[in-house]
Number of protein chains: 2
Amino acid sequence: MVGAENLSRKEQVIRTASELFKQKGYSATSMRDLAQALGIEAASLYSHIKSKEEILQALCFEMAKRFQRSLREVEGADISYSERLRRGITGHIHVMAKELTASAVFMNEHRHLSQPYLRDFLLMRINYINRFKKIIEGGIKAGEFKAVDTKLAVMTLFSSLNWMPHWYDPSGIIDPSELGNQLAGMLIEGLKTK
Amino acid sequence: MVGAENLSRKEQVIRTASELFKQKGYSATSMRDLAQALGIEAASLYSHIKSKEEILQALCFEMAKRFQRSLREVEGADISYSERLRRGITGHIHVMAKELTASAVFMNEHRHLSQPYLRDFLLMRINYINRFKKIIEGGIKAGEFKAVDTKLAVMTLFSSLNWMPHWYDPSGIIDPSELGNQLAGMLIEGLKTK
DNA sequence: CCTACCGATCGGTAGG
DNA sequence: CCTACCGATCGGTAGG
């Protein structure tokens with residue numbers, strides 16, 4: 001099956017690229033670096049991908065889709081805003097934990113997308129953030145949350161989620177659900193003892 | 001005064017570089033980009049700086065020093081852990097707000113430092129984070145904070161501080177002190193109404 | 001997947 | 001601060 005072989009090899013290229021992009025950044029990673037990591041010549045990469053940027057596009061949009069899908073499942077549910085926030089956070093962390101490297105690239109390297117991809121990406125991201133913001137605003141209107149600055153609240157949450165690929169070790173003692181519960185707990189209940 | 005003129009021109013180069021590094025990233029910013037932004041030829045940059053990386057070094061270590069100094073002022077104070085955390089956060093935000101662009105570069109581009117600068121930088125960063133962590137641990141031991149996962153707590157705080165240069169508008173309605181108080185309040189008291 | 005190669009651009013230097 | 005340039009490396013193509 002030629003098709004399946006090509007697909008799997010292409011994915012192998014994308015995964016290896018993802019690791020290099022995370023480590024060194026997109027711009028500082030050359031196609032020769034990538035080829036060397038795969039044990040082939042740089043020119044051979046172009047049998048599997050059209051361009052360097054195509055790899056970044058594949059990574060960024062695949063992750064964006066996964067994060068969007070995860071959040072959508074929570075929005076319809078008939079539950080409290082605290083619970084909705086908790087599930088949104090846990091869902092995000094699950095997606096992230098399954099693709100830690102791609103998540104880091106998604107977060108830090110998307111600015112190297114060219115137009116119109118960059119614009120599309122940023123629209124998806126602002127949409128994602130706004131949906132979390134709506135949950136927080138809903139909680140405030142319902143009297144469940146304090147009247148905090150919603151931009152600060154959502155940015156604090158989003159920052160925390162974004163930075164996790166840099167320090168979270170999924171093989172450690174704390175699993176994604178537990179991490180999500182603890183983050184949600186901390187943001188909702190605060191650090192202070194009652 | 002030749003000395004003063006050189007210094008001021010060098011700082012102008014560093015500031016312009018800082019803006020480009022923030023926008024496009026260190027690797028994707030060429031010396032020709034920088035020269036063009038300053039209205040001179042690329043070769044002329046080397047009258048003011050020794051190398052591209054020297055600019056990054058100057059930026060990163062200057063900001064690191066400022067953040068360290070800001071935190072040091074809080075650690076000696078004889079105040080509650082909540083208050084210590086609050087002042088640590090507010091201090092960080094003040095430093096950041098005064099040099100928003102350099103703060104963004106400090107955060108996102110330090111990985112392009114070569115050795116031994118990279119190692120020194122990372123040691124300073126881990127030291128900075130650990131000092132915030134100590135405040136949180138102190139608060140837990142004193143019964144002032146809940147027994148949360150301190151790594152998650154400090155990373156959430158640190159992420160939030162790091163991401164601020166990307167969204168905070170210091171010319172907006174919320175000033176640095178107010179932003180610090182709100183972030184500290186949110187982390188300490190939580191979103192939930194009591 | 002390789003050899004052979006392209007034009008463009010990179011950070012930086014010499015010498016004024 | 002400029003002109004003139006350097007060797008190295010970049011992403012990518014032709015042709016097998």
Side-chain angles (χ1 to χ4, degrees), chain A residues 1-60 105 109-115 117-118, chain B residues 1-60 105 109-115 117-118:
Chain A
M1 282 228 306
V2 176
E5 267 174 61
N6 282 349
L7 197 68
S8 127
R9 191 58 172 150
K10 182 172 182 176
E11 273 178 8
Q12 203 177 326
V13 170
I14 292 177
R15 279 186 176 276
T16 305
S18 178
E19 275 157 37
L20 292 173
F21 292 170
K22 180 182 181 183
Q23 270 172 43
K24 316 175 48 154
Y26 176 78
S27 291
T29 301
S30 73
M31 294 307 267
R32 283 157 181 85
D33 290 336
L34 176 54
Q36 196 179 28
L38 287 158
I40 60 177
E41 292 299 318
S44 306
L45 290 167
Y46 295 88
S47 314
H48 306 104
I49 46 109
K50 287 196 211 71
S51 67
K52 185 183 179 185
E53 197 188 312
E54 191 205 39
I55 303 175
L56 185 62
Q57 289 162 13
L59 278 167
C60 288
V105 173
E109 308 301 329
H110 67 257
R111 63 173 155 178
H112 295 108
L113 290 168
S114 63
Q115 300 290 10
Y117 303 98
L118 180 58
Chain B
M1 282 230 300
V2 175
E5 266 176 62
N6 282 348
L7 196 68
S8 128
R9 191 59 172 145
K10 181 172 181 175
E11 272 178 9
Q12 203 176 326
V13 170
I14 293 177
R15 278 184 177 278
T16 306
S18 178
E19 274 158 37
L20 291 174
F21 291 170
K22 180 183 180 182
Q23 269 172 45
K24 316 175 48 155
Y26 176 77
S27 292
T29 302
S30 73
M31 295 307 268
R32 282 154 182 89
D33 291 336
L34 176 54
Q36 197 179 28
L38 287 157
I40 61 176
E41 291 301 316
S44 306
L45 289 167
Y46 293 89
S47 316
H48 305 104
I49 47 112
K50 287 198 211 72
S51 68
K52 184 184 179 185
E53 198 190 311
E54 192 204 37
I55 303 175
L56 185 63
Q57 289 162 12
L59 278 167
C60 288
V105 173
E109 307 301 328
H110 67 258
R111 64 172 156 179
H112 296 108
L113 289 169
S114 63
Q115 298 295 7
Y117 304 97
L118 180 59

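So you know, we letter chains A, B, ... as the sequences are listed, proteins then strands, and number each from 1.
By the neighbour-count criterion of 12 heavy atoms within 6.0 Å, atom CZ of R111(A) is densely surrounded, having more than that number from other residues, nucleotides or ligands.
Rounded to a whole Å, the CD atom of Q36(B) is 15 Å from the C1' atom of dC10(C). For L34(A) and dC10(D), the CG to P distance is 12 Å, given to the nearest whole Å. Straight-line distance from the CG atom of D33(A) to the C1' atom of dC10(C): 15 Å, rounded to whole Å. The distance from atom CD of E41(B) to atom P of dA4(D) is 11 Å, rounded to the nearest whole Å.
The shortest heavy-atom contact between A37(A) and T16(A) is CB-CG2, 3.7 Å.
Judged as a salt bridge (charged side-chain N to carboxylate O under 4.0 Å, His left out), the pairs with a partner in residues 27-40 of chain B (not counting sequence neighbours) are, in order, K24(B)-D33(B). Applying the side-chain hydrogen bond (donor to acceptor under 3.5 Å, both in side chains) test to every pair with at least one member in residues 34-44 of chain A, sequence neighbours left out, gives no pairs at all.
Considering only heavy atoms from C-beta on, M31(B) comes within 4.5 Å of I49(B) through its side chain.
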Given Watson-Crick and G-U pairs under 3.5 Å, DNA chain D in dot-bracket ([ ] crossing, | other strand) is ||||||||||||||||
message: Does R15(A) form a side chain to side chain donor-acceptor pair (under 3.5 Å) with Q12(A)? I'd like the steps, not just the answer.
response: CA-CA 5 Å; R15(A) 279 186 176 276; Q12(A) 203 177 326; over 6 Å; no
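Considering only residues two or more places apart in sequence or on other chains, Y26(A) meets the ring-ring contact (aromatic ring centres under 6.0 Å, His included) condition with F21(A), H112(A). Remark: E54(A) engages K10(A), K50(A) in a salt bridge (charged side-chain N to carboxylate O under 4.0 Å, His left out) (not counting sequence neighbours).
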5' to 3', nucleotides 11-16 of chain C under a 4.0 Å protein heavy-atom cut-off (B base, S sugar-phosphate only, - none) gives BBB---
